[in-house]
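One structure below.
All chains are named by letter (A, B, ...) in the order of the sequence lines, taking the proteins before the strands, and each is independently numbered beginning at 1.
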Amino acid sequence: MKLPVHLALSTQSKLFLKPQSLLLLRNFSAEPTPPPPQTQSPPRESESSIVTQAVDLLRQTPQDEWTSSSQLRQLLLSSSSSSSSHSPRDFFQITRRFSSSAEALSFFNYVKSNSENENSPSLSYTFQAILEIAIREPNSQDKLFDLYKTCKENNVTLSVNAATLLLRFFGKAGMVDKSLVVYNELDEDARNTHIRNVLIDVLLRDGRVDDAFNVLDEMLDRESEFPPNDVTGDIIFYWLTKKRRPGRYVSDEEIVGLVTTFGEHGVFPNTVWLTQLITRFYRIAKGCQAWDLFHELMKLGADLEAASCNALLSGLGRDGDFKRMNQLLTEMKENNIQPDVVTFGILINRLCKSYRIDEAVKVFEEMNKGKESDGVSVEPDVIIYNTLIDGFCKVGRQEEGLSLMKRMRSEKGYAPSVATYNCLIDGFCKAGNIDMGQELFDEMNKEGVKPNVVTVNSLVDGMCRHGRIYSAVEFVKEMTYKGLKGNAITYTVLINAFCNVNNIQEAVDWFNAMCQSGCSADAIVYYALIAGLCQAGRMKDASFVASKLKAAGFYPDIVCYNVMIGGFCRRNKLDEAYEVLKEMEGAGMKPDCVTYNTLISYFCKSGKFSVANSIMKRMAKDGIMPTVVTYGALINGYCLDGDIDEAMKIFKEMSSSSKVSPNTVIYNILIDSLCKIGKVESALSLMDDMGNKGVKPNTATYNAMFKGLREKNMLEKTFNLMDKMVEHACPPDYISMEILLEWLSEVGETEKLKKFTQEFRVSPSPA
DNA sequence: TTAGGGTTAG
């Protein structure tokens, strides 16, 4: 695998800066310095004899005698030298053996003053070696630019490696302006692709995006003499995938354009980078850009692999874009890109998450089919099985999930993983079969599959949802004792459970326990407690927890703000509600339909209909349409105000003119109000209306009716409705039972009630 | 591949 450029570079620079021979007092290092890997230095062979001889001679001759030494002149400068190998690289090697740049510079001056050709490549190489020595010396920052100036004054052409060295050195030292000076003073034809790559890298690292792009644009020009190569691509693609790029923001359109233009030069990002870019686009909700980029590259003939397709597929899946997923699969086939197990996993997972488990099973079966035909055959792995098992559980078919686990074991010999068990435990627990959840928990322990915090949370959630809060608490304590500590999710489940049964104190205690346990909280657990406290009307505490949330580095989101606004409204603290609203807007969040509905509901309940109306106007101005909840608030308000006529007027308006159709709650408000003022017949006709419109009555609807019917002693109608409840499997609650029990006992119809309740007998609850 | 989320009308 090719080393990413940044890695290659940093390793080099480490080698480069290795302190060398600084302690040696001799003129020359004892050992030749190994050439830095980036230089195009001669192959590592034994030094030519001329180098060895010259080094020895130079060592023996005092510096002020070099000029007069005919031996030295003979060896190095004479064209009739026997070795005849005055290759520039010899000068490079000789110079490198000096232990200080000052001495090396003296050598340069000696060579220069005795050289016939002022522009000799030997001088270039000698100078390169001087720079390499200087870079390792103290105060190299000042020294290097002075040396560069000396080089220019002497009209010595910078070698490619020397130029590279200077560009990179000044870049690293934060002296990018000097890098630019060096680059700009290079001969036109010396600014080749290699040099440009170095400069672009230096500029990008310094955040000079536009300067870098200027250099790059010349390269990307169709007529460019120095087109980009793979290294250019590596530099740009690596930089594009970096999380934090210094310098100006580069738009997604620019990125797509850039990668595409590279593609036109036959330079493509590798699979890893392309995959990262696609993933990145999806994370910032720019899936379209990912799609376009992928297809541009496909058109340009890039070698695309399954991993990049998978990134695209999973993004499309998250967006629910099955159409494009199918298109991409077809394109993969056409372009001979073999799907892998991840590809199938994404497809199966998406189908499962859309509750299309039967289709998911079909895809699963196709994985194996290829074996028989000439198609592709991909062996499903445990993850694929787990995905399907979870899919079954999520649609309430946990029994089938269980048999799939058995099949996986018997047919494939795969042992279930902790995730397999977690999916099943969660499935059975959600369905209320806590016992089966616990059985599976025992089974995994017996098999040596270690439960994790997900296992615990699934069981705890199941217990809490099905009225076994204290079993859940015991279980959490037992697991903690055994070393399996809960996390934020565990605490959220418990806090919600206690809030739901109105035991706020216990919820608060668990929150405090979490803070003390050292478990790292997230925003959600704060939201849960804030909501519970608001529900309980403990607004001071709610505000306190909100301040703790902020102190912990989280931010309230719009739902959290709405919860608090609602809490203050319910407590009749409008000023505080507005304070929260102001804070919310200050945080850049605009009120949404819930915010508006909360305020409208408050004013309607207080009979301030004109204020409610002006809020509705502002809501419309903000482009938010009234919802069924808005109408419910108005209708409820007028009903409470005793103005049923106005309530009915709004109801009729919404039914006829607006696009919002009334729901059960709207009917319930009206039916309840009509019954309360004795208009039972009107209430009954509203129930008929519900039937006609396909709006289902619920227990609350029947309860409202029962109360009204009881006042009028309309027994027959009541029996009628009780039959309907049975027919529609709408179970009575304790309110229905209270009304009916009292009334029907009075009139001696307990037998009817007994039969009625028997119809709703549920299987014995494990609680 | 697996676990948790809080609003508004009755």
Side-chain angles (χ1 to χ4, degrees), chain A residues 342 345-346 348-349 352-353 380-391 393-394 401 416-427 429-430 451-462 464-465 486-497 499-500 522-535 542 545 549 556-567 569-570 592-602 604-605 627-637 639-640 662-673 698-701 703-704 735:
Chain A
V342 177
I346 292 165
I348 290 171
N349 187 31
C352 286
K353 291 283 179 292
D381 58 8
V382 177
I383 293 180
I384 299 268
Y385 276 99
N386 290 348
T387 309
L388 279 168
I389 289 168
D390 190 55
C393 290
K394 289 283 191 292
S417 68
V418 60
T420 321
Y421 277 109
N422 289 348
C423 295
L424 287 167
I425 288 172
D426 190 61
C429 283
K430 286 245 162 50
N452 59 18
V453 68
V454 180
T455 327
V456 174
N457 290 344
S458 298
L459 278 159
V460 170
D461 183 57
C464 287
R465 274 172 202 259
N487 60 11
I489 297 180
T490 324
Y491 290 101
T492 307
V493 169
L494 290 172
I495 288 167
N496 279 322
C499 288
N500 284 335
D522 59 12
I524 296 175
V525 65
Y526 284 91
Y527 297 159
L529 186 63
I530 291 170
L533 290 165
C534 287
Q535 196 72 49
V545 178
L549 165 124
D557 63 358
I558 187 138
V559 178
C560 186
Y561 279 122
N562 285 342
V563 167
M564 295 198 51
I565 291 168
C569 283
R570 235 178 292 118
D592 66 0
C593 75
V594 176
T595 323
Y596 281 118
N597 287 342
T598 306
L599 293 170
I600 290 167
S601 162
Y602 167 79
C604 285
K605 275 182 185 160
T627 67
V628 69
V629 178
T630 322
Y631 288 107
L634 286 166
I635 290 169
N636 188 48
C639 284
L640 286 173
N663 63 7
T664 308
V665 177
I666 301 273
Y667 279 103
N668 287 355
I669 299 167
L670 289 167
I671 288 169
D672 188 51
S673 302
N698 61 17
T699 310
T701 326
N703 290 349
I735 298 171

N or O in side chain of Lys605(A) less than 4.0 angstrom from dT8(B) OP1/OP2:
no
Rounding to an integer number of Å, can you tell me how far Asn562(A) CG sits from dG6(B) P?
14 Å
Whole-Å distance, Leu459(A) CG to dA3(B) P, equals 13 Å
Output side-chain donor-acceptor pairs under 3.5 Å for residues 522-535 of chain A, partner residues at least two apart or in another chain, one line each.
| from | atom 1 | to | atom 2 | distance (Å) |
| --- | --- | --- | --- | --- |
| Asp522(A) | OD1 | Ile524(A) | N | 3.3 |
| Asp522(A) | OD1 | Val525(A) | N | 3.2 |
| Tyr527(A) | OH | Tyr555(A) | O | 2.9 |

Any donor-acceptor N or O pair under 3.5 Å, side chains Asn597(A), Thr627(A):
yes
Roughly, in whole Å, what's the span from CG in Asp390(A) to P in dA3(B)?
6 Å
Rounded to whole Å, CG of Leu599(A) lies from P of dA9(B) at a distance of 12 Å
In terms of side-chain heavy atoms, does Asn386(A) have a donor or acceptor partner in Thr420(A) at a distance below 3.5 Å?
yes
Asn597(A) side-chain N/O to dA9(B) phosphate OP1/OP2 under 4.0 Å
no
Has the side chain of Asn457(A) got a donor or acceptor atom sitting under 3.5 Å from an opposite partner on the base of dA3(B)?
yes
Quick note, Val665(A) side chain, CB onward, closest among dT8(B), dT2(B), dG10(B) is dG10(B)
Please tell me which of the listed nucleotides, dA3(B), dT1(B), dG6(B), lies nearest to the side chain of Ser458(A)?
dA3(B)
Ile669(A) side chain: which of dA9(B), dT2(B), dG6(B) is closest?
dA9(B)
What contact category does Val559(A) fall into here, base, sugar-phosphate, or nothing, at under 4.0 angstrom with non-hydrogen atoms?
base
When you check the phosphate oxygens OP1 and OP2 of dG10(B), does a side-chain N or O of Asn636(A) lie under 4.0 Å from one of them?
yes
What about Asn668(A): does its side chain form a donor-acceptor pair under 3.5 Å with the base of dA9(B)?
no
Does dA3(B) have OP1 or OP2 sitting under 4.0 Å from an N or O in the side chain of Lys394(A)?
yes
Side-chain donor/acceptor of Asn452(A) to base of dA3(B), under 3.5 Å
no
From C-beta outward on Cys560(A), which listed nucleotide comes closest to its side chain: dG6(B), dG4(B), dG10(B)?
dG6(B)
Would you classify Ala419(A) as touching base, sugar-phosphate or nothing, given that sugar-phosphate means primed atoms plus P, OP1 and OP2, and contacts are heavy atoms under 4.0 Å?
base
Using a 4.0 Å heavy-atom cut-off across all strands, classify Asn487(A) as base, sugar-phosphate, or nothing.
base
Using a cut-off of 4.0 Å on non-hydrogen atoms, how would the nucleic acid contact of Val493(A) be classed: base, sugar-phosphate, or nothing?
sugar-phosphate
Taking atom types as modelled, find out whether Thr701(A) and Asn698(A) have a side-chain donor-acceptor pair closer than 3.5 angstrom.
yes
How would you list, by chain and number, every residue that makes a salt bridge (Lys or Arg N to Asp or Glu O under 4.0 Å) with Lys605(A), sequence neighbours excluded?
none
base_contact_polar (dG4(B) base, Asp522(A) side chain, donor-acceptor, <3.5 Å)
yes
Whole-Å distance between dT1(B) P and Tyr385(A) OH?
17 Å
So, Tyr527(A) and dG6(B): ring centres less than 5.5 Å apart, planes less than 30° off, yes or no?
yes
If you only use heavy atoms from C-beta on, which nucleotide in dT8(B), dA3(B), dG5(B) is closest to the side chain of Thr492(A)?
dG5(B)
Between dT1(B) atom C1' and Leu424(A) atom CG, what is the distance in whole Å?
12 Å
Between atom CG in Asn386(A) and atom P in dA3(B), what is the gap in whole Å?
11 Å
Return the nearest nucleotide to the side chain of Thr387(A); candidates are dT1(B), dT2(B), dG4(B).
dT1(B)
Is it true that the side chains of Asp461(A) and Ser458(A) contain a donor and an acceptor less than 3.5 Å apart?
no
In whole angstrom, what separates Asp592(A)'s CG from dG6(B)'s P?
16 Å
Any N or O donor-acceptor pair under 3.5 Å from the base of dG6(B) to the side chain of Asp557(A)?
yes
Quiz question: by atom type and distance under 3.5 Å, do the side chains of Asn422(A) and Asn452(A) form a donor-acceptor pair?
yes
